[in-house]
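Quick notes on the structure that follows.
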Amino acid sequence: ESDVAAKCVVCEAGSFRNENKECERCPETYTTTVGARSREACRCPQGKFENKKERRCEDCQPNAICMGGNDIPLVEDGYFAELRPVGATLETFERLEIWKCPFKDACPATLKIPNGQGFALARNYSLAECSDPRMTRWCSRCPANMYIASQDVTYEVKTFSQAGGGTWEVGQATENLITCLDCGGGGSVPFPLFLVALCMFIYCIYRFTQVPRNQGLTAALMLSSLCSLLMTIFQTLAVIGLFSISLPGGIKEIMMVMGVFTFDIEVLNAQCVTGTDFRARYLWRVVTPMIFLGGFYVTMLASQLANKFVKRIVAMEKAKTLNALGLCASAAYIPLCKMSFQFFECQDHPTAPSTLVSYPDISCGDDDRTGIMAIGVLAVLAYPLLIFSTMTTLCFIAPKMYTGNANFKTGTGFLLARWKPTIWYFGPAVMLRNLCVALIGVAYPSDGVAQLVLASTILSIYATAQSTQAPWRNKTLNRVDTVLTITVAVLCMFLLTIVPMDDSEEVRMERYRPYVIFFFVFALLTMLGMMVYAILYLLGKIGGSKGAAENATKTLLDAVRQMHFQIQSQAITEEKICERVGQFLTLEEQTTFASLLQWTLQEVFNATAHDGSTKGSKSTRRLSMNMGSSAERHERDRRASLSKSTESQEKAVPEKA
């Protein structure tokens, strides 16, 4: 009976029956099921993996799936892994080095693991499980003479089944995935063709900025300002599309379309020109704006030469060319900033070294990157900082240079003409907003929550300043700018609801506490400051002084007196005066000026009429009525003249305004 009892010993979980028919505990960190009969039955529990070199079970790594046993862990959908140390085999590996796939569509989930609520998507560590087996460097680089694109790919999918002791059922799936295409199949744009297209584009931009003066200012200013505003909004949306977030279906495609407005030269498939070398690829991006700048100079010289033979070709003037160049620099400011900051945007990974966001096949510590650090710094100095400081300086000296300097006035039209004369300095404020949006990726390269919070904060601050100042010369543009900016800020807030919170509450508290404290204290100080201001204003300690009011009135009278003198002394017709006014004041500004002057004259002369100056009152009322409708009549005349032919415009005599 004792022999039978010995044979029938059933060891508890965590132990096994040894050669002496006795239960022996498994090595530390290992476990077994009930009734294990040999040491080989000792395995790692679920949630741990076996370090083959150290022969112990360790906690599952972040973004890995440890099913227990002695198998190598799997990785979650959208991640990639390699065995470590380098060169390790299945029998000698210590851990996995895990990256987040730069293109999720390049790392398809080929395994389905039951998790109690269905199936969790997973991937094997094998490099062959990229969507295209030819891809290397963590599914982010194609071989030479090939470029990254997308197309439908069919791949094998295995589903784990508990039936039969645990088996894998093999199936297939077809998706639009990242793959490598041959450059020889029309993948790249020929460089000479690119240069010709560039010169034609520059010439069109130049002609667009030279709207004939006889068309008035309102329509041209409205069109150019609206294009600039929409371009900025589209580029902001494109930057948000690059954040580390998963966008809902439909929105992702729209964001990708918005990327066209960031002027990303990757649409030219630069890898087909530069190869896979990081230094060549980065230098190509850095030098491209210089090519664009040189294109302006070449196009200007070519137009001047062509004008000598074909008079219909307009010769580009230096000051007007600078104006067109400034317009392009303002429109491309966000892309220039993003391109410059790409060198410093390093994305963290679960257990692997950080890599560049825009060059995911390059580790931030690679010699290829550290060797050209000086070029990255120069790019930041040459594009974001130099352009911003130049625009700011031009606004600073504008009050002194604008009057009497025709070249300065023409060359800075892109910077000053959009804004009200009293808020001519608002251009750098817009550029500062764009600069801050581009810097979000540097501050938080891989934290989608922080990226959205910062974007919403920057846009909200700008919307507050813009709605307070109302800098655009057209009321409609002020409203459109405010509504679009607030809409994008609210979009960022709602996107926060679908971003997964990977970090613990303690980590998020430590990360975002400074921002919460700052804005809370700022709100309190603002309320306190307003209370102090109201009290001081009530006591008469602050506010407009009597001397300031007298100086303002004197300045107004001097301006009116000078205007009257110029009209009386210069031998020009009223029609010519109206034409000149229409060149520099929008219809809205003319109407506002006429209404204010009409109201002021009525009040002043009505008060004088009580003292017996009846004749003056009648003449003033007649003058004010003429002023009140002059702007509207001038606009009607302008529209009527545009409907006639060029010959009739030269002969027609416009109605007096």
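Keep in mind the model is a prediction, meaning the values are calculated, not measured.
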Checklist entry - Should Phe519 and Tyr515 be marked as a ring-ring contact (aromatic ring centres under 6.0 Å, His included) after you check the CA-CA gap, both sets of side-chain angles, and the distance that decides it? => result CA-CA 6 Å; Phe519 285 104; Tyr515 300 104; 7.5 Å; no
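Scanning for side-chain contact (heavy atoms from CB on, under 4.5 Å) contacts around Leu301 gives Tyr297, Gln304, with sequence neighbours left out.
A salt bridge links Asp361 with Arg281; the closest basic N to acidic carboxylate O contact falls under 4.0 Å.
One finds the CD1 atom of Ile313 at 7.5 Å from the CG atom of Asn307 (value rounded to the nearest 0.5 Å). To the nearest 0.5 Å, the span separating CG on Leu484 from CG on Leu491 amounts to 12.0 Å. Here the straight-line distance linking atom CG of Leu432 with atom CE of Met391 works out to 14.0 Å at 0.5 Å rounding. Going from atom CE of Met300 over to atom CG of Leu305 covers 12.5 Å, rounded to the nearest 0.5 Å.
For the residue pair Gln466/Arg433, the side-chain donor-acceptor check at 3.5 Å is not satisfied. Between the side chains of Thr485 and Asp481, at least one donor N or O lies within less than 3.5 Å of an accepting N or O.
The side-chain contact (heavy atoms from CB on, under 4.5 Å) with Cys328 is formed by just one residue from the set Tyr333, Phe296, Tyr206; it is Phe296.
Residues Trp472 and Val480 form no side-chain contact, since every pair of their non-hydrogen atoms from C-beta on lies 4.5 Å or further apart. Using a 4.5 Å heavy-atom cutoff, the side chains of Ile458 and Ile440 are in contact. A 4.5 Å side-chain heavy-atom check between Leu435 and Phe341 finds at least one atom pair inside the cut-off.
A donor-acceptor pair is defined here as one N or O able to donate and one able to accept, closer than 3.5 Å; no such pair exists between the side chain of Lys409 and the backbone of Met401.
Taking a 6.0 Å sphere around CE of Met200, one finds it holds 12 or fewer heavy atoms contributed by other residues, nucleotides or ligands.
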